[in-house]
Amino acid sequence: MDKKALFKLGYGLYVLTAQSDGKDNGCIVNTVLQVTSDPSVVGVITVNKQNFTHDMIMKSKKFNLSVLTTETPFAVFENFGYQSGKTADKLAGYTGVARSENGLVYLSDYTGAYLSGEVTGTFDFGSHTMFKAEITAGEVLGAADSLTYAYYQQHIKPKPQDSAKKGGWRCNICGYVYEGDPLPADFICPICKHGASDFTKIT
């Protein structure tokens, strides 16, 4: 493992990929933590249960994590955010991917590094599951800066149109706008799969 890949981890946005029954899938996640500096690195990821990638990880106990860069276009968020993946393979025909030694896909485009993990424990947090994992492989793919929330919100997410978006709610994670008021308490963002607590009222 190239341990420099760990330095790409931070407070940012990532594409999490997994496989089950020969089918690949991926989703956007925003919680990745390195919890030890020991050579047998352990990390944790948090995944929304409503995304099918969550089910794949529960079953296979392994995943890949692509660390997105500031060069990432919004199309990547559309591809890995829309739909649950139960009826469509988000990676079918998607270019700019490769497979690591664990057999799973990672994004080779718009990615500063990828990391492979094997799950060693799970923790239930209601709408999400936290996966504790041993990081088994990692490779630096480019020198571009990792994608932070601040950069995403300023340069990548769609800008709301003033007249059409008044009175709605905007997702703090991906920029999706729910046009209506009130926002249902059980609403799930159709792009990034985060809940109502991650939305801010547009004023």
Side-chain angles (χ1 to χ4, degrees), residues 1-35 40-48 51-85 88-120 129-148 151-152 156 173-174 191-193:
M1 180 175 69
D2 182 353
K3 292 185 179 178
K4 291 191 294 294
L6 295 170
F7 287 99
K8 296 287 184 178
L9 292 179
Y11 189 62
L13 296 165
Y14 315 86
V15 171
L16 178 71
T17 49
Q19 185 184 80
S20 180
D21 300 323
K23 179 179 177 181
D24 297 303
N25 204 11
C27 66
I28 301 291
V29 294
N30 67 347
T31 303
V32 180
L33 298 173
Q34 182 185 348
V35 295
S40 57
V41 179
V42 175
V44 295
I45 58 172
T46 305
V47 187
N48 191 308
N51 196 294
F52 194 46
T53 307
H54 169 277
D55 299 346
M56 289 182 165
I57 296 172
M58 289 291 286
K59 185 175 182 178
S60 69
K61 305 300 183 189
K62 60 182 182 178
F63 61 84
N64 277 352
L65 190 73
S66 301
V67 184
L68 297 177
T69 72
T70 53
E71 299 171 351
T72 307
F74 187 68
V76 171
F77 293 88
E78 290 180 304
N79 186 71
F80 292 102
Y82 285 126
Q83 69 202 354
S84 69
D89 184 346
K90 295 181 185 180
L91 287 155
Y94 191 85
T95 60
V97 296
R99 290 195 185 273
S100 62
E101 291 183 4
N102 66 0
L104 302 184
V105 163
Y106 66 88
L107 268 64
S108 54
D109 289 348
Y110 315 120
T111 302
Y114 84 85
L115 295 157
S116 298
E118 292 187 4
V119 175
T120 59
T129 297
M130 179 179 284
F131 295 96
K132 178 182 177 184
E134 179 182 356
I135 305 302
T136 58
E139 182 180 351
V140 174
L141 302 177
D145 292 336
S146 297
L147 179 58
T148 64
Y151 190 93
Y152 172 81
I156 297 175
I173 308 301
C174 71
I191 295 182
C192 68
K193 304 301 180 185

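No hydrogens, no waters, no symmetry mates; every other heavy atom, side chains included, goes into these values. None of the values given here were measured: they were computed from a predicted structure.
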Using side-chain heavy atoms (C-beta onward) and a distance below 4.5 Å, is Tyr152 in contact with Phe74?
yes
Here the gap from Asp109 atom CG to Leu68 atom CG, rounded to the nearest 0.5 Å, amounts to 11.5 Å
For Lys132 and Val42: C-alpha separation, side-chain torsions, deciding distance, then whether side chain to side chain contact (heavy atoms under 4.5 Å, CB included) applies.
CA-CA 7 Å; Lys132 178 182 177 184; Val42 175; 3.8 Å; yes
Side chain to side chain contact (heavy atoms under 4.5 Å, CB included) between Thr69 and Glu71, worked out
CA-CA 5 Å; Thr69 72; Glu71 299 171 351; 3.6 Å; yes
Non-hydrogen atoms of Ala133 and Phe63 that approach each other most closely:
CB-CE2, 3.5 Å
Asp21 and Lys59, any side-chain heavy atoms less than 4.5 Å apart:
yes
More than 12 foreign heavy atoms under 6.0 Å from NZ of Lys61: is that the case here?
yes
Got a second to check how far Asn48's CG is from Ile28's CD1, nearest 0.5 Å?
13.0 Å
At what distance, to the nearest 0.5 angstrom, does CG of Leu147 lie from CG of Asn30?
11.5 Å
State, to 0.1 Å, how close Glu134 and Thr120 come at their nearest heavy-atom pair, and which atoms those are.
N-CG2, 4.1 Å
Can you give me the closest heavy-atom contact between Val97 and Ser108, atom names plus distance?
N-OG, 3.3 Å
Distance check, rounded to the nearest 0.5 Å: Tyr151 atom OH versus Leu13 atom CG?
13.0 Å
Taking all heavy atoms of Ala18 and all of Ile57, pick out the closest pair and write down the distance.
CB-CG1, 3.7 Å
If I take atom CG from residue Asn102 and atom OG1 from residue Thr17, how far apart are they, to the nearest 0.5 angstrom?
8.0 Å
The reported gap from CG in Leu115 to CD in Glu139 (rounded to nearest 0.5 angstrom) is 10.5 Å
Taking the six-membered ring for Trp, are Tyr94 and Phe80 ring centroids under 6.0 Å apart?
yes
Compare all side-chain heavy atoms of Val32 with those of Ile45 and state whether any distance is below 4.5 angstrom.
yes
Under the side-chain contact (heavy atoms from CB on, under 4.5 Å) test against Phe77, which residue among Val15, Ile156, Ile173 passes?
Ile156
How far apart are the closest heavy atoms of Asp24 and Met56, and which atoms are they?
C-CE, 4.1 Å
What's the shortest heavy-atom distance between Cys27 and Asn51, and which atoms?
CB-ND2, 3.2 Å
